[in-house]
Structures are given as C-alpha cells and as structure tokens.
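Note that this is a predicted model, so its numbers are computed, not measured. Index from 1, following the sequence.
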Amino acid sequence: MTEFAHAKINLCLHVTGQRADGYHLLDSLVVFAGIGDGLRATPGAELSLTLDGPFAGGVPAGADNLVLRAARLVADQGVALHLTKRLPPASGIGGGSADAAAAIRAVLRLQAMAGRLAPMTPDVAQQIAALGADVPVCLASHPARMRGIGEQLDWLPPLPELHVVLANPRVEVPTPAMFKALIQKDNPSLPEALPHWDSAPALADWLRSTRNDLQAPAMAAQPVIGAVLAALEALPEALFARMSGSGATCFALFAKEDQAQDAAEALRAAHPEWWVAAGLVYPGRADMAQLIRETT
C-alpha cells in the first residue's frame, strides 16, 4: 500500500495570541502540493521503518520516530513501513506531520483490504492530534482554514487551478525558536468570512492583505530567506511569493503548470545549491476531510 505525504503550505499565517500553557493561537490558510515524500506499507512480523531518499539522513529511525508513533495508534498487526524522504527537514512545510499522516492512511487502507477496518474513535483521533498540531490537517490533505492551536479546521471549497514553486536554501529554522523570537503575539486574525476566489490571480491579490507573522523573525535568523523570496518574486508569471510556516521554505504561486515548471527550471539553474520543486496545489481528499470532521 503506497501513500503520498503532501507538502503543507501556509498561504498565510497569523499569530493571534498565546495560551497560558505556552501554545500559540493561529489563523492560517493551508493547502497541499503534489510535492512530497513517499510511504509504502506492507504486512510484517512487527512494526518497522526503513528509509531512503535525499533527506533520509535527517530522519531519526528509532522507535520514537513520528511515523512509527502514528502507525502504532492504528495498526492492529505488524506493518513494515518504508519512507522515501524528499522534503527537507525543519523547513516549514510540515514534512514530519505529512509523513505521520501518510502512515496512518496507509495502515488503515492496508487493514481495510484485509477486511479489518475499524472506525476511528474519538479517542484515537485525539491521540493523533496529540502527535502534533499539523497532523490532523495533513491526514485530510485538504485545503483548510486552521485556527486555535491547529484543532479548529474549516475545510475550504475547491480552489481555482493553482500551481506552486517551492524553494529552500537548505537551512533549518526551528519552529519553537521562531515563535519565541516573535515580539508581538496578539495580532489581528483573518476576516471571519473568506471571499470566493474564482481565479489564481484573485487569490493572489487577496493574499497580499494577509501576513505570515513568522516571516520577519525567520529572516532575522536566516537572512538568506530574503534572497529566496526576492528570487521567487522575480520569476516570470509569478503571482505571489511568501515564506511558508516558520521557514525556511518559500513559495511562489502560478496560474498554469507550464509557468511553474519553467520557473522551477530557471530557479534551479540560477541557484543549484537550493532545493527547488514545482507541483499542482492538491485539490484535496474529501473522504479524509469528512472523517476528521466526524471524529475531532
């Protein structure tokens, strides 16, 4: 059984407060790209994980690995998992959470094929959410508005055709450090009612009225992020560019596939030292979105 772990992109990320327990409150629009890691699950004598791919060296393979912890929550028998790690670690595109979500989907599908599918109980859903704030939204891999600490998910209607180029200068930006460096933590949220975007340019125009509140502290920590953003903004046909999550990955949006692919090739040629990828913004998994809605 194979699953794709889609890169998660924060089109905007407003930090709106901080709870007494230290968790930050967010208001963010999240989409998923046809760029990501691959995961394969086969029946095994025990739960195990092997790794390959260009970024496999940055992934711990021990029992505390997030993929194994996620699979352990839903597996009723041994499963051999193999992860091909293509997304750079600690890069603001939810790679670890996407991998954990892919493991859950793969195990559930494997068990369903064997006639052993059990409904996801609220207790299991809560344990999945406890793995990390991004895991539930990555499980659905469906465009969403995330609020609270990530537990409030409002699924977005279908977006217009949208393509993305991702670029990472191969530097890591620890998320906790970026939140700690954020001086103003009580910032305005997104409008309560979101507009309908009938085209990629309309969405890009609206995004200019939004923010990523972690972009400034990330650029202060890693000034090269500014160079990545400038390079993305200068790409022909680019509609909009911003940093995703806590960085250092940045994105540019395009209306058409050929525009994004040509832009990615040009960016790789100009900056061969960067990680660059292009893909379609994924339309979503309505089946998984419904499952999460019912169990969280």
Side-chain angles (χ1 to χ4, degrees), residues 4-13 29-39 52-58 83-96 98-99 102 138 141 143 159-173 197 199-205 207-208 212 215 218-219 222-284:
F4 194 76
H6 300 270
K8 175 188 70 69
I9 302 164
N10 295 89
L11 296 180
C12 53
L13 196 165
L29 293 191
V30 172
V31 296
F32 295 84
I35 303 163
D37 300 332
L39 188 130
D52 69 1
F55 293 103
L83 177 65
T84 299
K85 190 65 182 168
R86 306 184 190 99
L87 298 177
S91 59
I93 49 177
D99 295 341
C138 288
S141 294
L159 297 177
E161 181 182 353
L162 195 63
H163 299 264
V164 66
V165 172
L166 299 179
N168 183 286
R170 297 183 188 270
V171 298
E172 295 189 8
V173 180
W197 305 289
S199 67
L203 174 56
D205 286 343
L207 285 171
R208 292 186 179 91
N212 180 346
Q215 184 168 300
M219 289 176 64
Q222 294 287 0
V224 68
I225 293 172
V228 176
L229 284 169
L232 288 169
E233 290 168 349
L235 290 170
E237 312 297 339
L239 299 173
F240 179 79
R242 176 173 278 163
M243 188 185 80
S244 177
S246 58
T249 303
C250 301
F251 66 88
L253 300 179
F254 296 83
K256 298 296 180 183
E257 180 181 11
D258 59 342
Q259 296 171 351
Q261 294 294 340
D262 291 347
E265 289 183 15
L267 197 60
R268 290 189 196 101
H271 298 279
E273 73 280 14
W274 293 355
W275 174 82
V276 176
L280 174 71
V281 172
Y282 194 58

message = Between Ile225 and Val173, is there a side-chain heavy-atom distance shorter than 4.5 Å?
response = yes

query = Which heavy atom in Ala33 sits nearest to a heavy atom in Phe4, and how many Å separate them?
reply = O-CE2, 4.1 Å

task = Evaluate the criterion side-chain contact (heavy atoms from CB on, under 4.5 Å) for residue pair Leu239 and Leu207; output intermediate values, then yes/no.
result = CA-CA 10 Å; Leu239 299 173; Leu207 285 171; over 6 Å; no

query = In Å and rounded to the nearest 0.5 Å, what is the CG to CG distance from Leu29 to Leu159?
reply = 8.5 Å

Residues forming a side chain to side chain contact (heavy atoms under 4.5 Å, CB included) with Val165, sequence neighbours excluded = Leu232, Phe254, Ala260, Ala263, Ala264, Leu267, Val276, Ala278

ask   = Sub-3.5 Å donor-acceptor pair from the side chain of Glu172 to the main-chain atoms of Ala90, do we have one?
value = no

key: Distance, nearest 0.5 Å, that separates NZ of Lys85 from CG of Leu39   = 10.5 Å

inquiry  = Angle between ring planes, Phe251 versus Phe240, binned at 30° and 60°: parallel, tilted or perpendicular?
reply    = tilted

ask   = Closest approach of Ala5 and Ala102, non-hydrogen atoms and distance?
value = CB-CB, 4.0 Å

key: Backbone of Asp99 reached by a side-chain donor or acceptor of Asp37 within 3.5 Å   = no

inquiry  = Considering only residues two or more places apart or on different chains, which pairs with a residue in residues 229-244 satisfy salt bridge (charged side-chain N to carboxylate O under 4.0 Å, His left out)?
reply    = none

query = Which distance, rounded to the nearest 0.5 Å, do you find between the CD of Glu257 and the CD of Glu161?
reply = 8.0 Å

query = Among all residues two or more places apart in sequence or in another chain, which pass the side chain to side chain contact (heavy atoms under 4.5 Å, CB included) test with Thr249?
reply = Ser91, Ile93, Leu166, Asn168, Trp275

message = Any side-chain to backbone donor/acceptor pair from Ser244 onto Ile9? Under 3.5 Å, distance only.
response = no

query = Measuring from Leu13:CG to Gln215:CD, what's the distance to the nearest 0.5 Å?
reply = 10.5 Å

task = Search all heavy atoms of Cys138 against all heavy atoms of Ser141 and return the closest pair with its distance.
result = O-OG, 2.7 Å

side-chain contact (heavy atoms from CB on, under 4.5 Å) assessment of Ile35 paired with Val164 = CA-CA 9 Å; Ile35 303 163; Val164 66; 4.2 Å; yes

